[in-house]
Amino acid sequence: MDKFLPLRLRVLHFVLREVPALLGALGIAACGSLPTPLPPPPTEWIRLQISPTLANQTELFSTCTPPGFGLAVQQAGGVSFTAGQTDLILQWGAPEPVSGFASILGTDSLTVVVHPDNPATSLSLDALLTTYAGKLPAWDWDYLGQNPAPLTAYAYSPTLDIQRIFNSAWPTAPSSLNREVVLVPGPAEMRTTIATDRSALGFLPSTWVDSSVKPIRIDPTPPSWQKQPILAISALEPQDASRAFLLCVQQGMEP
């Protein structure tokens with residue numbers, strides 16, 4: 001029928017019929033290409049100080065952060081938050097004394113480890129402590145009843161929670177380890193070192209042990225090394241978001 005319309009009427013007819021559909025299609029395409037709006041930045045934060053022994057739990061901490069809150073994590077030994085701004089302190093083992101609020105989130109045990117190629121499967125507790133006290137005749141696995149090979153003992157700073165737990169095996173803990181003992185900053189560095197040093201002897205929280213290192217049995221195993229509590233400590237009992245965060249972490253750490 002359009003062929004019988006005058007030219008002007010045909011143009012007008014096309015505009016009225018086709019342009020709205022074209023505009024609608026363009027509108028849909030434009031709306032479909034808009035990026036998804038980003039969530040607003042958090043206006044409130046949970047400030048968390050953790051021991052390096054808990055650095056393997058950062059994914060859990062992130063998952064447990066309540067919606068609308070940010071999580072600021074500082075490892076002990078780093079630059080501290082402003083005084084009074086730390087909401088929660090998480091560490092392995094109970095400090096003495098515990099002041100304020102403390103809650104058990106889970107437990108972990110201390111495991112002595114060596115390089116996977118080391119044939120040793122066990123050590124006596126006395127031999128282990130003699131090694132760290134630097135009282136062996138020489139730094140060699142031969143003096144621990146093993147095949148002759150160089151021996152390097154690794155430990156941590158005496159202020160770190162895992163070192164305090166290790167030291168609890170002594171009737172009277174030494175003020176310092178033998179100077180030949182090599183100190184590492186935390187379990188991440190300990191695991192990497194043991195995995196690459198065939199002479200190595202060290203120790204980790206059990207949750208850090210994987211196939212890159214080899215656990216060995218200590219006879220007898222000190223009770224103070226087994227199932228030590230992972231604690232959340234704060235000046236006051238946590239409320240609202242901090243409480244929800246701790247409950248979530250507690251559930252995540254349950255075996």
Please find the pair of heavy atoms, one from [X] and one from [Y], that lie closest to each other, and give the distance.
X: Leu246; Y: Ala232; answer: CD2-CB, 3.7 Å
X: Gly134; Y: Trp139; answer: CA-CZ2, 4.1 Å
X: Asp161; Y: Ser51; answer: OD2-OG, 2.8 Å
X: Gly186; Y: Pro52; answer: CA-CB, 4.2 Å
X: Gly93; Y: Gln91; answer: O-NE2, 2.9 Å
X: Pro66; Y: Phe245; answer: CD-CB, 4.4 Å

Spell out, yes or no, whether [X] and [Y] are grouped together once hydrophobic residues are joined by side-chain heavy atoms under 4.5 Å, including indirect joins.
X: Leu247; Y: Leu54; answer: no
X: Tyr143; Y: Val181; answer: yes
X: Val249; Y: Ile89; answer: no
X: Ile233; Y: Leu71; answer: no

Does the side-chain contact (heavy atoms from CB on, under 4.5 Å) test come out yes or no for Ile104 and Leu231, once each step is laid out?
-> CA-CA 5 Å; Ile104 297 176; Leu231 294 179; 3.5 Å; yes
Hey, what do you get for [atom1] ([X]) to [atom2] ([Y]), rounding to the nearest 0.5 Å?
X: Thr131; Y: Asp126; atom1: OG1; atom2: CG; value: 9.0 Å
X: Leu151; Y: Gln146; atom1: CG; atom2: CD; value: 10.0 Å
X: Leu105; Y: Gln250; atom1: CG; atom2: CD; value: 6.0 Å
X: Phe69; Y: Asp87; atom1: CZ; atom2: CG; value: 9.5 Å
X: Ser124; Y: Leu129; atom1: OG; atom2: CG; value: 8.5 Å

Check your understanding: What residue pairs, at least two apart or across chains, pass side-chain hydrogen bond (donor to acceptor under 3.5 Å, both in side chains) with a residue in residues 213-236?
Key ->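 Every side-chain hydrogen bond (donor to acceptor under 3.5 Å, both in side chains) pair that includes a residue of residues 213-236, provided the two are not neighbours, is Ser168-Ser224.
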Can you pull out every side-chain hydrogen bond (donor to acceptor under 3.5 Å, both in side chains) where at least one residue sits in residues 177-186? Sequence neighbours excluded, please.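 As it turns out, there is no side-chain hydrogen bond (donor to acceptor under 3.5 Å, both in side chains) pair with a partner in residues 177-186 once direct neighbours are skipped.
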All side chain to side chain contact (heavy atoms under 4.5 Å, CB included) counterparts of [X], not counting sequence neighbours:
X: Asn147; answer: Pro119
X: Ser157; answer: Thr159
X: Pro67; answer: none

Using salt bridge (charged side-chain N to carboxylate O under 4.0 Å, His left out) as the criterion, list what pairs up with Arg243, not counting sequence neighbours.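 Result, salt bridge (charged side-chain N to carboxylate O under 4.0 Å, His left out) vs Arg243: Glu237.
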Can you name the salt bridge (charged side-chain N to carboxylate O under 4.0 Å, His left out) partners of Arg164, sequence neighbours left out?
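Residues passing salt bridge (charged side-chain N to carboxylate O under 4.0 Å, His left out) with Arg164: none at all.
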Ser212 and Asp210: side chain donor to acceptor below 3.5 Å
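On atom types as modelled, these side chains qualify, holding a pair under 3.5 Å.
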Could you list the donor-acceptor pairs under 3.5 angstrom formed by side chains in residues 57-64, with sequence neighbours left out?
from  : atom 1 : to    : atom 2 : distance (Å)
Thr63 : OG1    : Glu59 : O      : 3.0

Notebook entry, point to check: With Trp141, which residues qualify under ring pair (Phe, Tyr, Trp, His ring centres under 6.0 Å), at least two apart?
Noted result: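 Partners of Trp141 by the ring pair (Phe, Tyr, Trp, His ring centres under 6.0 Å) criterion come out as none, since no residue qualifies.
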Do any side-chain atoms of residues 196-209 form donor-acceptor pairs under 3.5 angstrom with protein atoms, and if so which ones, sequence neighbours left out?
from   : atom 1 : to     : atom 2 : distance (Å)
Thr196 : OG1    : Thr192 : O      : 3.0
Thr196 : OG1    : Thr193 : O      : 3.2
Asp197 : OD1    : Ser199 : N      : 2.9
Asp197 : OD1    : Ser199 : OG     : 2.7
Asp197 : OD2    : Tyr154 : OH     : 2.6
Asp197 : OD2    : Ser199 : OG     : 3.3
Arg198 : NH1    : Asp117 : OD2    : 2.5
Arg198 : NH2    : Asp117 : OD2    : 3.0
Ser199 : OG     : Thr152 : OG1    : 2.9
Ser206 : OG     : Ser109 : O      : 2.9
Ser206 : OG     : Thr111 : OG1    : 2.7
Thr207 : OG1    : Asp108 : OD2    : 2.6
Trp208 : NE1    : Thr53  : O      : 2.9

Scan residues 89-128 for pairs that pass ring pair (Phe, Tyr, Trp, His ring centres under 6.0 Å), counting only residues two or more places apart or in two chains.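 Not a single pair qualifies under ring pair (Phe, Tyr, Trp, His ring centres under 6.0 Å).
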Discussion item. With ring pair (Phe, Tyr, Trp, His ring centres under 6.0 Å) as the rule and sequence neighbours excluded, what pairs involving residues 168-192 come up?
Written reply: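 Found Phe166-Trp170.
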Is there a side-chain contact between [X] and [Y] (heavy atoms, below 4.5 Å)?
X: Leu90; Y: Ile230; result: no
X: Val213; Y: Met190; result: no
X: Thr130; Y: Leu136; result: yes
X: Pro238; Y: Leu88; result: yes

